[in-house]
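Inspection log for the structure reproduced underneath, given as structure tokens.
Positions are given from 1 along the sequence.
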Amino acid sequence: MTYQLHYWPTIQGRGEFVRLALEAAGAEYVDVARAPSGKGGGEAALAGRLRDPGNPRASFAPPFLVDGDVVVGQTAAILLYLGPRLGLAGIGETDALWTHQLQLTVADAVAEAHDTHHPISTGAYYEDQREAARARAKAFREERIPKFLDWFERVLQLNPSGDRHLVGDSLTYADLSLFQLVAGLRYAFPKATARALANAPAVVKLHASIARRQRVHDYLKSPRRIPFNEEGIFRCYPELDG
């Protein structure tokens with residue numbers, strides 16, 4: 001059955017972590033809001049499913065995944081559901097739980113990256129909270145980016161199966177999500193991220209190896225990969241990079 005991914009059609013955002021897993025696994029899926037409205041797509045289809053009165057367990061917000069009668073919201077929960085089905089959750093319950101824990105840590109980093117440009121209110125423009133954003137971004141780039149990347153570096157170094165993957169000796173969605181986190185940080189905070197990655201060679205190596213995987217490479221070069229922009233989570237405001 002073809003998976004239906006519901007997410008905003010003009011940004012990578014939190015939906016990109018799910019897109020990467022689906023693409024890397026070669027899964028059949030429809031990015032619903034990016035499909036023509038005449039074929040049941042568009043933002044109206046997304047909104048309609050989100051407000052579906054027949055679903056007592058509707059998601060709070062995109063992304064959410066529809067798989068037959070199953071509807072799953074929240075990026076980490078979607079990947080927890082998809083991981084075993086796509087062969088991207090390691091081997092056994094212990095690996096699956098560790099992969100999920102890694103994903104939740106990525107989610108923490110993503111939330112903090114978002115809050116650098118919207119530290120006061122998500123409903124206000126960046127320009128209305130610029131000074132607070134400068135202070136929040138300074139702490140993020142000097143303290144939090146290094147802390148997150150150092151931790152992932154340590155996870156890679158301590159993996160009994162080697163530092164090619166975060167979990168075991170095969171690709172998981174945690175690897176793909178770390179790839180996306182690094183890509184986003186490099187876009188939004190190029191100088192600060194370069195400094196932090198200088199102390200995280202295994203993270204750099206993982207990022208490069210993910211980009212070389214054929215399906216991922218093809219996706220990154222295709223129009224399906226939405227470019228980073230200043231409407232998503234990772235936004236390039238040079239004044240926030242110090």
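Taking Glu127 as the reference, Tyr125, Arg130 meet the side-chain contact (heavy atoms from CB on, under 4.5 Å) condition, with sequence neighbours excluded. When the side-chain hydrogen bond (donor to acceptor under 3.5 Å, both in side chains) test is applied to Arg49, no partner is found at least two apart in sequence or on another chain. The side-chain hydrogen bond (donor to acceptor under 3.5 Å, both in side chains) search around Gln74 returns none, not counting sequence neighbours. Lys205 meets the side-chain hydrogen bond (donor to acceptor under 3.5 Å, both in side chains) test with Asp163; sequence neighbours excluded. In this structure Tyr219 satisfies the ring pair (Phe, Tyr, Trp, His ring centres under 6.0 Å) test with no other residue, sequence neighbours excluded. Qualifying side-chain hydrogen bond (donor to acceptor under 3.5 Å, both in side chains) partners for Thr2, counting only residues two or more places apart in sequence or in other chains: Glu28.
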Just distance, no hydrogens or angles: give the donor-acceptor pairs under 3.5 Å from side chains in residues 174-190, sequence neighbours left out.
unit_1	atom_1	unit_2	atom_2	d
Asp175	OD1	Leu166	N	2.9
Asp175	OD2	His165	ND1	3.0
Asp175	OD2	Thr172	N	3.1
Ser177	OG	Gln103	OE1	2.6
Ser177	OG	Gln103	NE2	3.4
Ser177	OG	Tyr173	O	3.1
Gln180	OE1	Arg225	NH1	3.0
Gln180	OE1	Arg225	NH2	3.2
Gln180	NE2	Gln12	OE1	2.6
Arg186	NH1	His207	ND1	3.3
Tyr187	OH	Glu230	OE1	3.0
Tyr187	OH	Glu230	OE2	2.6

Using atom types as modelled, flag every donor-acceptor pair under 3.5 Å from a side chain in residues 132-141 to any protein atom, sequence neighbours excluded.
unit_1	atom_1	unit_2	atom_2	d
Lys138	NZ	Glu142	OE1	3.1
Lys138	NZ	Glu142	OE2	3.4
Arg141	NH1	Leu240	O	2.8

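Note on residues 66-110: no pairs pass ring pair (Phe, Tyr, Trp, His ring centres under 6.0 Å), not counting sequence neighbours. Sorted by first and then second residue, the ring pair (Phe, Tyr, Trp, His ring centres under 6.0 Å) pairs with a member in residues 13-48 form an empty list; sequence neighbours excluded. Residue pairs that meet the ring pair (Phe, Tyr, Trp, His ring centres under 6.0 Å) test with at least one member in residues 53-73, sequence neighbours left out, are His6-Phe64.
Note that CZ of Arg19 and OH of Tyr7 are 7.5 Å apart. Values are rounded to the nearest 0.5 Å.
Contact between Ala24 and Leu171 at its shortest, heavy atoms only, is CB-CD2, 4.3 Å.
Val30 belongs to a hydrophobic cluster whose other members, connected by ILVMFWY side-chain contacts under 4.5 Å either directly or through intermediates, are Val32.
Here the side chains of Leu86 and Tyr3 are in contact, with some heavy-atom distance below 4.5 Å.
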